[in-house]
Structure formats: C-alpha cells, structure tokens
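Here is the naming used below: chain letters follow the sequence lines, and residue numbers restart at 1 for every chain.
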2 protein chains.
Amino acid sequence: MPGAARPTAAKVADRSNDRGIPEATVARLPVYLRALVGLTERGTATCSSEELAAAAGVNSAKLRKDLSYLGSYGTRGVGYDVEYLRYQIAREIGVTQDWPVVIVGIGNLGHALANFSGFSSRGFRIAALLDADPERQGERVGDLEILGFEQVEQLVEEHRIAIGVIATPAPAAQAVCDRLVGAGITSILNFAPVVLSVPDGVDLRKVDLSIELQILAYHEQRKSALLPGLSGLPGDLPAKAVGR
Amino acid sequence: MPGAARPTAAKVADRSNDRGIPEATVARLPVYLRALVGLTERGTATCSSEELAAAAGVNSAKLRKDLSYLGSYGTRGVGYDVEYLRYQIAREIGVTQDWPVVIVGIGNLGHALANFSGFSSRGFRIAALLDADPERQGERVGDLEILGFEQVEQLVEEHRIAIGVIATPAPAAQAVCDRLVGAGITSILNFAPVVLSVPDGVDLRKVDLSIELQILAYHEQRKSALLPGLSGLPGDLPAKAVGR
DNA sequence: AGCTGTGAACGCATTCACAGCC
DNA sequence: GGCTGTGAATGCGTTCACAGCT
C-alpha cells in the first residue's frame with residue numbers, strides 16, 4: 001500500500017520545468033552534446049540538422065523539434081554553428097561547471113566508475129568515494145582515498161554535493177539511499193538491482209544490467225522463434241541467420 | 001546523409017512482435033519478475049496487483065494492463081499466484097534457460113561485469129571474456145580466462161552466443177560491434193560512450209553513465225534555480241533544501 | 001464483496017509537411 | 001535553393017473507470 005509511510009519511487013518526470021522542456025528531449029540533449037563535441041574535434045565549424053542528427057543517431061525532424069525547445073540557435077538556409085550550439089546545450093543541461101559527485105560502494109563496479117575518465121570532461125567531478133567496509137577504507141583509487149560511509153553528512157555539506165551514485169550490493173542500497181537523502185543529496189543514480197524509494201523532490205534514475213539483458217533476450221527469443229530451428233530456446237540460433 | 005552505406009542505428013522498437021507486446025511493457029517485465037522473486041523469497045504465495053505494483057515501483061493500473069498483454073494469469077477477486085506468474089513472465093521474456101553472453105573489453109568495467117553474480121540467477125551465463133590487449137589475455141576472472149578478440153567468430157559459433165556486451169574504450173567500440181555482428185551476434189548491449197550503428201535485425205541497447213548523470217544535472221540545476229541561493233551554479237545548493 | 005482484465009479517454013512523443021527566413 | 005522552426009496529424013503509453021468473473 002503506497003502513499004503511506006514512504007512516498008513511493010519518484011521518477012524524474014515532472015512537468016514543473018522552467019521552460020517546460022519535455023523529458024524525452026532532456027534525455028537526448030546529452031547525446032547531442034557529445035555529437036557536437038565530436039564534430040568540434042573533427043574541425044567542423046557548422047553543421048546541418050541532418051548531419052548532427054546522423055552523428056547523434058536520431059532523425060533530423062526529431063533533432064530540430066528538440067532544439068526548438070531551447071530556442072532558435074540555428075540559421076535558416078545554413079545550419080548550426082557547432083561551438084555556439086554546444087555551449088547553449090551545455091548551459092541548458094547545466095554542465096558548464098562541474099558537479100561534485102559522491103560514489104557509495106567501491107566494489108568492482110564502484111572502482112570502474114571511480115576510474116572512469118569521462119567524468120571531468122563531461123561536467124562532473126568525483127568529490128568522495130565511500131564504503132562501509134573498513135577493509136576498503138584508506139585504499140586509494142586515482143587520487144582519492146576511500147572513506148567510511150559514516151562521514152557522508154560531513155562530506156556532502158563540505159563539498160556541496162548534490163548528486164550521489166549508489167554502487168553497493170542490493171541489500172544495502174535502500175539504507176544508503178535514505179542516508180544520502182538525509183545528508184542533503186537530491187539526485188541519485190542507482191546501480192543496485194532494487195527498486196528504491198525516495199521522497200518527493202529527489203530525482204532517481206537507475207541503471208540495471210540484468211534488465212537490459214533481459215529486454216534483449218526477449219527480442220532475441222522472438223527472432224529464433226521465426227526461424228526453422230528446433231524451438232525458441234537459447235543456444236539454437238544458427239549463428240548468422242538474422243540481420244545482414 | 002544516412003540510409004546509404006550504413007543502415008543507421010536500429011533501435012529495439014519494432015512492431016513485428018509475435019503477439020505485439022508494447023516495448024514499454026517489455027521493458028517492465030524484468031522489473032516484475034524481480035519483484036516476484038522477492039515475494040517468493042519472503043514466502044508470499046499470492047499477491048494482488050496493488051501489492052505487486054508497489055514492489056515493482058509502478059501503479060496497479062499499469063501493472064494490470066501490462067500483464068493483460070501476456071494473457072489472463074490472475075484470478076478475479078483473488079489476485080495472482082506468485083510462482084505461476086513468475087514462471088509465465090520468465091517464459092515470456094525467455095529466461096527459463098540461460099543465454100550465453102560474450103563480454104568484450106575487460107578493463108575496469110568489464111571486470112565488474114564479469115564478476116557480477118546476478119548473471120546466472122537471471123537467465124544469463126558468461127560464455128567468453130575477450131580483450132584485444134595481449135597483456136590481459138590469459139588472466140583469469142572468476143573461472144574464465146580472458147581470450148583474444150580474434151577468436152570471437154569461433155567462440156560465438158561454438159557456444160551459440162547471440163548476445164554481446166561491449167565494454168571497450170569508445171574509439172574501439174564500432175569496430176568491435178561490426179565484428180560481433182559479422183560473427184553472428186544479433187543483440188548488443190553497449191557501455192561505450194558512442195553512438196553505434198548496426199544493421200537491421202540486430203538489437204542494440206546502451207548504458208551510458210555520463211548521459212544519466214547529465215539528465216540528473218539538468219533537473220538539479222532547475223531545483224537550485226528556484227531557491228533564494230546565489231545562482232544556478234553547481235555547489236551552491238544549501239544542503240537539505242529541496243525534498244524532505 | 002473484491003479484484004482482475006480492458007475499452008475508452010487522455011496526454012505525451014514522434015513524424016509530417018510546409019511556412020518562413022537566409 | 002536550402003535549411004530551420006513549428007503547427008498539425010499521427011501514434012504510443014498511461015490512466016480512468018467499470019464490466020465481468022470468483
């Protein structure tokens with residue numbers, strides 16, 4: 001029964017946007033941003049919606065519609081100035097400065113995240129690595145030391161951290177989440193395979209390996225079912241059958 | 001201009017489903033499956049749509065609509081038999097048997113994926129770990145040895161692998177992807193921060209850390225902008241302001 | 001009486017197609 | 001002539017509300 005004690009998982013969807021940019025568009029802005037960085041690196045100064053759309057893996061109508069929510073940053077008959085558009089999108093997303101991030105749970109995955117080099121170049125800076133296991137505390141990863149989770153409140157306040165990443169085992173995730181929220185974190189990215197609940201006003205997104213694989217498995221099963229193979233079981237796809 | 005050489009990124013969306021289960025529903029089935037496993041472990045034999053929905057973090061109308069696409073597996077006036085429904089969903093997704101998976105790129109992230117214990121319990125089995133770097137080849141991770149990427153064709157055929165996971169650096173990803181497809185892989189989960197192109201018939205999903213963080217940053221920026229703080233810049237959220 | 005299964009209503013996202021500007 | 005920006009049309013997903021079964 002929801003609505004009672006815990007205000008059931010609040011998704012990021014919320015129409016109280018400043019200028020009302022649709023959530024689906026928000027989710028694509030980072031893709032456009034990356035595509036623009038790629039174009040810059042290749043020395044392209046100007047691009048059409050068609051070119052940018054191809055680089056981002058969407059169709060050009062969608063791209064233009066998306067950009068139209070931000071304003072009129074293109075020139076009719078010409079296209080978009082890559083640098084200018086890049087800056088506008090970065091500003092809209094809010095990654096013209098770096099956001100400090102705390103990562104909780106420095107196991108295999110936490111290590112991988114801590115070592116991920118794309119953070120700094122994409123608007124984020126790891127401010128703290130926390131783990132509940134005293135064995136791991138004190139270890140250095142990159143130029144940060146792993147600290148105890150009990151220091152979370154102090155660190156969040158000291159570094160003005162608003163974003164937390166949960167990379168703990170599933171059973172610990174909800175408790176960690178609650179304490180992050182209590183410490184003042186208002187955005188959480190969850191890698192633990194559990195449904196987390198957060199209060200209103202806290203944004204929650206999740207990344208879930210087995211869910212992604214299961215979605216692929218579903219479609220894979222449908223493919224094999226259409227073939228003259230034995231049945232719809234894994235392992236009997238006669239390699240190279242579907243696709244080109 | 002796309003549509004020419006490379007048939008631009010094919011998303012999983014495709015209405016040529018057997019029984020036409022909507023893509024949004026397919027994406028939630030794994031969540032329901034996990035919730036049902038949780039209920040089983042807690043010894044619950046029967047549950048209402050309300051209870052299951054709460055455990056899965058969705059509302060009950062959506063849950064019932066989703067389940068209705070699979071068939072009538074509940075009992076009016078009573079609810080759902082947990083075990084029975086669990087099996088039906090597992091069968092629909094196709095995870096009543098294990099799917100062999102190949103992981104390419106055994107860096108930090110690849111290691112984390114290779115060590116992830118949830119694979120086997122959720123319908124997958126790591127059949128091979130590949131890396132292009134000879135330094136890494138021969139190393140053992142769990143009970144598998146890291147092999148050279150050049151063996152991919154042989155391994156895919158030998159183990160009837162249909163699903164590939166790309167955890168390489170971004171610059172290598174498209175080439176790896178092309179070769180996986182050439183070897184007969186028809187479903188790919190991509191962790192590299194690039195837009196990949198695959199031929200029709202190959203399903204592609206991506207997991208992208210910086211995109212997820214940037215989406216959170218966007219909403220975070222909107223929150224701070226509403227406060228009487230200094231400006232909309234990262235770092236000036238007076239901890240504990242939004243939410244409860 | 002209670003809870004599922006589902007048509008109908010609604011709202012959001014994508015695509016179309018063209019007016020408007022360079 | 002070319003390309004952007006955008007109303008209008010379409011399609012998809014969610015929610016409502018209740019008929020139908022136990």
Could you tell me how far apart [X] ([atom1]) and [N] ([atom2]) are, to the nearest whole angstrom?
| X | N | atom1 | atom2 | value |
| --- | --- | --- | --- | --- |
| Leu70(B) | dT4(C) | CG | P | 15 Å |
| Tyr73(B) | dT6(C) | OH | P | 12 Å |
| Glu23(A) | dA13(C) | CD | P | 8 Å |
| Leu85(B) | dC3(C) | CG | C1' | 15 Å |
| Leu67(A) | dT6(D) | CG | P | 11 Å |
| Asp66(A) | dG5(D) | CG | P | 12 Å |
| Glu50(B) | dC3(C) | CD | P | 9 Å |

(message) Which residues pass the salt bridge (Lys or Arg N to Asp or Glu O under 4.0 Å) test with Arg64(B), not counting sequence neighbours?
(response)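 Partners of Arg64(B) by the salt bridge (Lys or Arg N to Asp or Glu O under 4.0 Å) criterion come out as none, since no residue qualifies.
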(message) Could you work out, with salt bridge (Lys or Arg N to Asp or Glu O under 4.0 Å) as the rule, every residue matching Glu212(B), not counting sequence neighbours?
(response) Arg205(A)
Between [X] (side chain only) and [Y] (backbone N and O only), is there a donor and an acceptor less than 3.5 Å apart?
| X | Y | answer |
| --- | --- | --- |
| Ser224(A) | Glu220(A) | yes |
| Lys223(B) | Gly201(A) | yes |
| Gln88(B) | Leu70(B) | no |
| Glu51(B) | Ser48(B) | yes |
| Trp99(B) | Gly94(B) | yes |

(request) Examine the side chains of Thr25(B) and Asp66(B) and answer whether a donor and an acceptor come within less than 3.5 Å of each other. (result)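 The criterion, which ignores hydrogens and geometry beyond distance, is satisfied for Asp66(B) and Thr25(B).
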(message) Does any part of the side chain of Gln221(B), heavy atoms only, come nearer than 4.5 Å to the side chain of Glu92(A), both counted from C-beta?
(response)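 With C-beta onward as the side chain, the pair stays apart.
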(request) Please determine if Arg34(B) forms a cation-pi arrangement with Tyr32(B), meaning its NZ or CZ atom is less than 6.0 Å from the six-membered ring centre and no more than 45° off the ring axis. (result) no
(request) Name all residues meeting the ring pair (Phe, Tyr, Trp, His ring centres under 6.0 Å) criterion together with Tyr84(B); count only those two or more places apart in sequence or in a different chain, and write none if there are none. (result)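 Tyr84(B) satisfies ring pair (Phe, Tyr, Trp, His ring centres under 6.0 Å) with Tyr73(B) only.
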(request) Taking only the side-chain heavy atoms of Ser72(B) (C-beta and beyond), determine which of dG5(C), dA13(C), dG5(D) contains the nearest atom. (result) dG5(C)
(request) Specify the residues of residues 29-43 of chain A, ordered by number, for which at least one heavy atom lies under 4.0 angstrom from an atom of DNA chain D. (result) none
Check nucleotides 1-3 of chain D against the protein and report each pair of N or O atoms closer than 3.5 Å, with its distance, or say if there are none.
unit_1: dG2(D); atom_1: N2; unit_2: Gly77(A); atom_2: N; d: 3.4
unit_1: dC3(D); atom_1: O4'; unit_2: Gly77(A); atom_2: N; d: 3.2
unit_1: dC3(D); atom_1: O2; unit_2: Gly77(A); atom_2: N; d: 3.2

What does the list of N/O pairs under 3.5 Å between the protein and nucleotides 15-18 of chain C look like, with a distance for each?
unit_1: dT15(C); atom_1: OP2; unit_2: Asn59(A); atom_2: ND2; d: 2.6

